Each structure stands twice: as structure tokens, then as C-alpha cells.
Amino acid sequence: LRDEVLQVLEQVNDPQQLNDVRVKYLGKKGALTEVLRGMGSLSAEERPVIGQVANDVRSAIEAVIEAKQQQFQQQETERRLQQETIDVTLPGRRLPAGAVHPLSKVQQEIEDVFIGMGYSIAEGPEVETDYYNFEALNLPKDHPARDMQDSFYITEDILMRTHTSPVQVRTMKAMNGKTPVKIICPGRVYRRDDDDATHSFQFNQIEGLVIGKNIRMSDLKGTLLQFVQELFGKQTQIRLRPSFFPFTEPSAEVDVTCVQCGGHGCRMCKQSGWLEILGCGMVHPRVLEMGGYDPNEVSGFAFGLGVERIALLKYGIDDIRAFYTNDLRFLSQFARM
Ligand code: PHE
């Protein structure tokens, strides 16, 4: 029996077979168990002898089974190690990378230029009171100039801000008459406009405010020249055209030499060589007063620009809606710029 089992075990080469053999010979109905069970019918002298032999056979078989089992386990471990090996020299898979939105990019660039000139950034609420959005900016109720900025009203007294100028008022009041004030206010603004290639009911502005002793129009002009040259290049020139804003006096509209043709005339600048980029002026004495400053002691300038407009010009884009429709074919072009 022992030789038979050992020979059978020789052939075994997987755990399932091994188990079958174990059951066949050592199990409850196994061949060896039969032998042990038959012991009762043996004589007193035979019993220990046969018992000894049977136990030896059992131990021998068990030892082989044990050894086989270990061998199988070892093989299994090696197989798994092999299979789960990680090749650390393989290059990693690239994750799809996003890109900064062109509007954010332009906004950050503009912010960087002014931070470089010592400005701080001020922010305020997009839902404003009539007082901060209009009244304190010298735009009393029923003033015809309110029509320049058609508004989304929430109640009679609360509206979506139409410009970031209310942040300037809030900043002046918070300063308690102290100078200098030197801030830019970036943020979303809202106007009741029908959306088309050049208009959006919601867009982004950056406005600037400087208040101090002896701040003059030449400071404004120098600041804006420095700004556009950093943004569009050293060759860029500006010109100021008289204009009107209720909160500045005098007021001006600022043009830059065309970023496309450099001023010779092209389609972008409609052959004029100039592109309008922002509004500005000297802070109106009444606005200074309402902000808590004495117009006889201090003066200031302010300017306001649309981020979308600058981005359109800078990248030669002809439809403002491209910024909002989130077409990845459009947006991904700015990933490497
Ligand atoms: N607040 C003006 C606008 O939104 C822009 C502006 C700001 C003009 C400051 C002059 C001075 O149209």
C-alpha cells in the first residue's frame, strides 16, 4: 500500500489531485483507515505490530503530502511574484492636463503689471446696493447717465453691479481719509445687453484707483502708458480722447496703437491704426467727498477696462462668446501660450 501511494504521489502535480489522493488513502473511507479499522479482529500479539506498521505508513504518506503541499505553495508564490512584477523603468502614462482660461490668463497678467507698480488688489460683492453702484459715484437717481449701464435690478435698491467702481467707493470709505490709495479691482460685472460678438450680459472688469497728494493727469497717462507697454510690447503708444463719466472730471477714452498692425491700419483697427481699450479720468471732487476725502487736500485718478476686450485684442479673437462656450478646441490653444 505504501509503495502504491508513494508512486501515485509522484505523479501528482496540482493541489486538487493532492487532496484527492489524501482523501482516497487517509480519509474516513480511505484505504489506510480501512486497515486501522480492521485492527479489532487481530490478535493481541499482532495488533501492536500491525499498528506500528500502519502508523509508519501513515506518517510516511503524510510527510510526502506535506512536502508536496509546500512545493505547490512555493510555486504559487513564485508565479504571483512573477505576474505582479512592476517594471519601474516603464515611462508613466500622461494625465490629460488642463489649461488656464484665456480670460484668467489675461486678468493675471494685468494684475501682475499693476502689482509690479505697487498696487494692491481689492474685491467686493457682485450684488450691490444702488448707493455704492451709482449714488456714491455721482450718479443720483434719475440721472440720465444711468442709461449708459443698463442694470439687472433685484429689488428697487439692490442690483447686480454694473462695474467694479463700487469697490473703489468701499475702499475709500474703509481707508477713513488716509492716503495713499493705490488699488485695482478685478471682478465680474453685469449689464442688460443682448449677447452678440462684442457684448455679453456678464463680463470681467479691472478698475484702478489712486488717491494721494498732487496726483495729476500726467500721472494717469504715465501709468497707462507703462501698463500697455508691459502688456502689448514696448512699441505700443497711447492717445487720450475727451469723454464723459459722471465719476471723473475730466474724463478720457484711451486708445492704443493697433496690436495687429502697429498703427499702419488693418482690418482689426478698421484702418485707423488705433484700438480703444479703456476709460479713465480724474476722480470727481464729489466722489472724493462721498468717499471721505477733502478734494482741496487730495486728488486722484481712476480707470476701468474690460478683460474680455483686452483678451480679444491680444489674441486676435473676433467673438467674445468663444470665452464662455468652453469649446476645448478653442481653450486648449492657450495651454502652451
Ligand atoms: N466704471 C466705468 C465703466 O464701467 C469705467 C471707468 C472707471 C471709467 C473709472 C472711468 C474711470 O464703464
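Please read these numbers as outputs of a predicted model, since none were measured by experiment. Ligands are counted one by one from 1 in listed order, and the atoms in each one are counted from 1 as well.
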Judged by heavy atoms only, the candidate from Cys280, Ala252, Gly306 nearest atom 10 (C) of ligand 1 is Cys280

Out of Gln205, Glu253, His284, indicate the one that has the non-hydrogen atom closest to atom 4 (O) of ligand 1.
Gln205

Just let me know how Phe303 lines up against ligand 1, side chain, backbone, both or neither, with a heavy-atom cut-off below 4.0 Å.
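Contact part for Phe303 vs ligand 1: backbone (N, CA, C, O).
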
Determine which pairs satisfy side chain to side chain donor-acceptor pair (under 3.5 Å) with at least one residue from residues 217-226, sequence neighbours left out, and list them in order.
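Non-adjacent pairs meeting side chain to side chain donor-acceptor pair (under 3.5 Å): Gln226-Glu230.
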
Closer than 4.0 Å to some heavy atom of [X] - which atoms of ligand 1 meet that?
X: Ser165; value: 1 (N)
X: Ala302; value: 9 (C), 11 (C)
X: Gly279; value: 8 (C), 10 (C)

How long is the span from the CD atom in Gln271 to the SG atom in Cys258, to the nearest 0.5 Å?
9.5 Å

Atom pair CG (Asp193) and OG (Ser200), whose distance is rounded to the nearest 0.5 Å:
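If I round to the nearest 0.5 Å, the distance is 8.5 Å.
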
Strictly by modelled atom types, are Glu4 and Tyr25 linked by a side-chain donor-acceptor pair under 3.5 Å?
yes

Positive for ring pair (Phe, Tyr, Trp, His ring centres under 6.0 Å) with Phe227, one of Phe303, Tyr119, Phe114
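Of the listed options, the one satisfying the test is Phe114.
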
Looking only at distances, can you tell me whether any N or O atom of His163, backbone or side chain, sits closer than 3.5 Å to an N or O atom of ligand 1?
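Such a contact does occur with ligand 1.
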
Does ligand 1 have any atom sitting under 4.0 Å from a heavy atom of Arg191?
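Heavy atoms of Arg191 do come under 4.0 Å of ligand 1.
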
Is a side-chain N or O of Asp255 found less than 3.5 angstrom from the main chain of Leu240, in a donor-acceptor match?
no

How far is atom 1 (N) of ligand 1 from its nearest protein heavy atom, and which residue and atom is that?
Glu207 OE2, 2.7 Å

Shortest non-hydrogen contact from Met160 to Val127?
SD-CG2, 3.9 Å

